[in-house]
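As the structure is a computational prediction, the values presented were derived from the model and not from experiment. Below, chains carry the letters A, B, ... as their sequence lines are ordered, and counting in each starts from 1.
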Amino acid sequence: MGTKVMYQNVWILGEQEVGTVRQVSFELLKRGRALADKRESQLVAVVMGDHLAENELQRLIHYGADCVIAVERPELRHFLPEPYTSVLTVLIRKYRPEILIASATTTGRTVAPAVAVVCHTGLTADCTELDIEPETGNLIQTRPAIGGNILATIKTPAHRPQMATVRPHSNKPLEPDESRRGEIIRETVNATNLQSRIKRLGFRENSEAVGNIQDAEIIIAGGKGFKKDENFRMVRQLAELFPDGAIGATRDAVDRGWISYNHQIGLSGKTVSPRFYLAIGISGSVQHLAGIKTAENIAAINNDPEAQIFQVADYGIVADLFEVLPLIKERLATLNLKQEPEVSE
Amino acid sequence: MKIIVPIKQVPETSNVKMDPETGTMIREGVEPIVNPLDLYAIEAAIRLKEHAGGEIIALTMGPPSARKALTEAIAMGCDDGILLSNKKFAGADTWSTSYVLSQAIKKIGRYDLILCGERATDGDTGQVGPGIAAWLDIPFMTYISKIMEVAENEIRCERMVETGYEILAAELPCLLTVVKEVNFPRLPTLRGKLRSRAVELQTWGPVDIDAQPDFLGLKGSPTRVVKITKPQVARRGKIAAPKDEGELVTAVDGLIEFLKQKEIV
Ligand SMILES: Cc1cc2nc3c(=O)[nH]c(=O)nc-3n(C[C@H](O)[C@H](O)[C@H](O)COP(=O)(O)OP(=O)(O)OC[C@H]3O[C@@H](n4cnc5c(N)ncnc54)[C@H](O)[C@@H]3O)c2cc1C
Ligand SMILES: Nc1ncnc2c1ncn2[C@@H]1O[C@H](COP(=O)(O)O)[C@@H](O)[C@H]1O
């Protein structure tokens with residue numbers, strides 16, 4: 001592998017959970033669609049899993065794929081690095097895609113580097129922008145690096161497939177079009193490709209009431225400005241006033257034990273791309289900002305007018321959080337009350 | 001138990017200064033440190049050694065000055081360190097880096113476990129760990145938040161994913177990348193520091209690790225950085241600075257209005 005001859009089409013690596021395609025896969029399809037259109041090639045979605053129902057796979061076509069390649073085996077029910085790497089490698093060798101993009105999820109960021117090594121090709125992590133040179137098919141990959149201090153543009157000029165992982169929630173999916181038609185190919189693989197030296201013994205769901213921040217559309221985040229453990233509860237109370245509001249935190253808040261590490265946002269925590277990010281009592285260090293670069297709307301509350309967070313805020317309030325939060329809660333509560341009759345109708 | 005810990009020396013990025021003209025990092029006065037996320041891998045190795053005995057080797061690829069990272073790892077409790085340093089290694093991307101590290105690991109010979117950090121805070125890719133495992137063809141588990149049990153030929157761990165924690169068991173030898181939740185790294189002790197000065201570190205180049213020359217450095221890297229720009233972080237939004245109770249209420253109204261406009265509430 002490695003030479004450029006005979007590589008064509010754009011692939012996305014779809015992810016599923018108990019047979020249901022994950023949202024991130026639809027987001028990838030939009031990215032992939034734009035690349036395939038510009039290159040005038042096909043967009044293919046690859047999915048591995050156990051029970052992959054026809055109508056679920058059709059959804060990938062509604063969201064932009066021209067073709068779906070599905071591999072259905074009990075061994076692929078849950079993500080395991082070895083079978084996923086082997087199966088994907090087998091498919092790449094057979095079909096030779098020009099580009100393969102995966103989500104920068106725990107799955108994508110695990111399987112993609114192993115596949116890149118086996119296929120002797122380049123991989124760019126956690127891209128925020130992708131473009132293509134229509135003539136050469138060269139993928140133009142842009143990603144933040146050095147703690148978000150720079151943006152690097154990266155190419156894989158001489159190797160195929162060109163691989164990239166894309167930051168989850170850095171774009172919305174296309175509107176689904178149920179009239180779109182496409183092909184579904186069910187591939188089989190040898191048992192040797194399904195072997196795993198790792199066994200999955202069990203699963204423990206996130207115990208926190210307010211769950212997965214990487215998928216969250218709305219994140220209410222708190223920092224050291226809350227000063228005390230008890231006060232940090234205000235973040236949760238506010239998050240609960242939004243439908244599916246999740247809780248985020250700075251490293252300082254996590255280090256003080258106010259909240260668990262899986263809520264930490266930033267360079268050494270999670271990267272999030274919600275529609276709305278509210279930063280309360282957060283100074284806006286470069287490391288923290290590295291995690292929220294792709295948030296759509298950012299609001300900030302901080303009593304220091306010089307706080308860096310205001311540099312990135314779409315709406316900011318320079319005030320004591322302990323005075324502002326009760327007012328916001330009050331306003332949101334009345335809004336929710338007003339909306340309630342509509343919901344119950 | 002023999003454990004290998006690949007660590008990377010990175011610039012202290014908390015106060016990075018960028019050259020506004022060129023968009024590159026100003027390296028003067030930037031203290032190189034051990035990748036903070038690698039300290040968790042070192043700590044995990046030390047705890048396993050305390051429990052089961054054995055030996056820990058820290059491994060780094062970098063400029064000659066990266067020797068200091070190894071010294072620090074030894075001061076924390078690693079037994080030995082190997083520096084992979086050579087002009088031919090320079091400019092490597094994650095593909096080539098993981099190749100070089102895997103060749104060095106092959107040269108070390110028998111081992112039970114390789115422990116990596118989740119990612120390096122400069123490149124921020126998290127690709128080198130899985131890459132090493134792929135080169136060596138050993139099982140690997142990423143985002144490990146808890147090491148539960150180590151038996152003769154097996155290690156049990158928890159892996160932190162988006163929706164919760166997977167409980168996994170892997171055959172040894174295997175490679176793990178650990179996240180911050182896994183432990184709390186210790187500081188080097190005075191005794192450790194003294195010992196680290198006494199340890200003679202080996203430096204290996206391409207020939208020592210029997211590396212294929214065209215897999216090395218910039219030349220051997222499939223990816224190319226073609227442009228560096230400065231991110232435009234400033235959004236220049238509306239900032240309200242209320243001076244009294246009334247203005248505060250107006251500011252909050254403004255926020256609610258903003259949320260309605262953006263269809264968030
Ligand atoms: C390698 C490395 C990795 C890192 N990774 C991360 C990471 O992933 N995530 C992360 O968050 N940090 C990370 N950090 C730490 C980061 O540098 C900052 O220290 C941290 O983000 C600061 O957290 P903070 O904003 O909560 O605290 P502070 O910087 O102390 O800010 C608190 C803010 O609260 C405001 N405030 C205080 N009282 C009030 C009040 N009554 N009302 C309103 N506002 C108030 C203050 O004005 C201040 O701006 C990392 C650092 C390093 C070196
Ligand atoms: N040059 C290097 N030398 C030794 N280990 C490295 C090097 N680069 C990366 N690593 C290891 O791989 C992990 C992930 O790094 P990265 O893929 O660069 O984000 C780090 O936490 C280290 O454990």
Side-chain angles (χ1 to χ4, degrees), chain A residues 81-82 105-106 109-110 113-114 116-118 121-125 144-147 149-157 159 197-206 212 214-215 261-262 267-268 275-276 287 289 297 299 305 310-319 323-324 327-328 331 335, chain B residues 13-14 16 18 23 25 36-37 95 98 121-127 130-131 133-135 139-143 160-171 180-181 222-231 233-235 237-242 248-249 251-252 255-256 258 262 264-265:
Chain A
E82 290 166 281
T105 53
T106 54
R109 291 188 87 154
T110 304
V117 161
V118 178
T121 192
L123 168 65
T124 304
I146 319 198
N149 285 292
I150 63 161
L151 279 178
T153 304
I154 296 166
K155 282 190 198 171
T156 304
H159 296 72
R197 289 166 287 186
I198 295 172
K199 283 193 288 292
R200 181 177 152 123
L201 306 176
F203 187 76
R204 192 159 59 80
E205 261 177 55
N206 282 338
N212 178 12
Q214 271 169 317
D215 283 332
Y261 169 62
N262 42 14
L267 193 59
S268 47
R275 280 180 53 221
F276 177 57
Q287 290 81 22
L289 297 184
N297 300 291
F310 289 126
Q311 300 277 315
V312 300
D314 302 290
Y315 194 93
I317 303 179
V318 183
E323 285 175 30
V324 184
L327 289 173
I328 295 176
R331 287 296 312 269
L335 269 179
Chain B
T13 44
S14 67
V16 167
M18 303 301 293
M25 215 177 87
L37 297 178
W95 188 90
S98 56
T121 55
D122 56 350
D124 201 17
T125 79
Q127 291 175 177
W135 282 110
F140 66 104
M141 301 188 279
T142 49
Y143 304 101
M160 189 160 111
V161 298
E162 287 80 3
T163 48
Y165 299 84
E166 298 172 346
I167 299 149
L168 302 170
E171 287 175 20
K180 202 177 159 184
E181 221 179 40
T223 59
R224 288 277 177 284
V225 176
V226 293
K227 200 170 77 188
I228 298 281
T229 49
K230 213 169 117 63
V233 283
R235 295 179 182 231
K238 181 176 161 37
I239 309 294
L248 188 64
V249 172
V252 170
L255 176 63
I256 303 290
F258 173 80
K262 300 287 178 188
I264 290 152
V265 293

**Asked** Please walk me through it: do B:Glu162 and A:Thr106 pass side chain to side chain contact (heavy atoms under 4.5 Å, CB included)?
**Response** CA-CA 7 Å; B:Glu162 287 80 3; A:Thr106 54; 2.8 Å; yes
With a 4.5 Å cut-off on side-chain heavy atoms, are [Y] and [X] touching?
| X | Y | answer |
| --- | --- | --- |
| A:Val117 | B:Trp95 | yes |
| B:Ile264 | A:Asn297 | yes |
| A:Glu205 | B:Tyr165 | no |
| B:Thr223 | A:Thr124 | yes |
| B:Thr142 | A:Arg109 | no |
| B:Thr163 | A:Phe203 | yes |
| B:Met141 | A:Ile198 | yes |
| A:Ile154 | B:Val226 | no |

Just give me the residue among [options] that pairs up with chain B most often, heavy atom to heavy atom, under 4.5 Å.
| options | result |
| --- | --- |
| A:Thr105, A:Thr156, A:Thr110 | A:Thr110 |
| A:Pro144, A:Ala116, A:Ala114 | A:Ala114 |
| A:Ala125, A:Gly122, A:Gly202 | A:Gly202 |

Euclidean distance, [Y] [atom2] relative to [X] [atom1], rounded to 0.5 Å:
| X | Y | atom1 | atom2 | result |
| --- | --- | --- | --- | --- |
| A:Ile317 | B:Ile239 | CD1 | CD1 | 9.5 Å |
| A:Arg200 | B:Glu166 | CZ | CD | 5.0 Å |
| A:Asp314 | B:Lys238 | CG | NZ | 13.0 Å |

What part of [X] gets closer than 4.5 Å to chain B, counting heavy atoms only: side chain, backbone, both or neither?
| X | answer |
| --- | --- |
| A:Ala299 | side chain |
| A:Ala319 | side chain |
| A:Thr121 | backbone |

Looking at [options], which has the largest count of heavy-atom pairs under 4.5 Å with chain A?
| options | result |
| --- | --- |
| B:Ile256, B:Val249, B:Ile167 | B:Ile167 |
| B:Gly123, B:Ala169, B:Pro242, B:Ala241 | B:Ala169 |
| B:Val161, B:Val225, B:Thr125 | B:Thr125 |

Could you look at [X] and say if it's the side chain, the backbone, both or neither that has a heavy atom under 4.5 Å from chain A?
| X | result |
| --- | --- |
| B:Phe140 | both |
| B:Leu168 | both |
| B:Leu255 | both |
| B:Ser98 | side chain |
| B:Ala251 | both |

**Request:** Specify the closest pair of heavy atoms between A:Pro113 and B:Gln127, including all atoms of both residues, with the distance to one decimal.
**Result:** CB-O, 3.5 Å
**Request:** State which residues pass side chain to side chain contact (heavy atoms under 4.5 Å, CB included) with A:Glu323; sequence neighbours excluded, sorted by chain then number.
**Result:**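 Counting only residues at least two positions away or on another chain, A:Glu323 forms a side chain to side chain contact (heavy atoms under 4.5 Å, CB included) with A:Asp320, B:Leu248.
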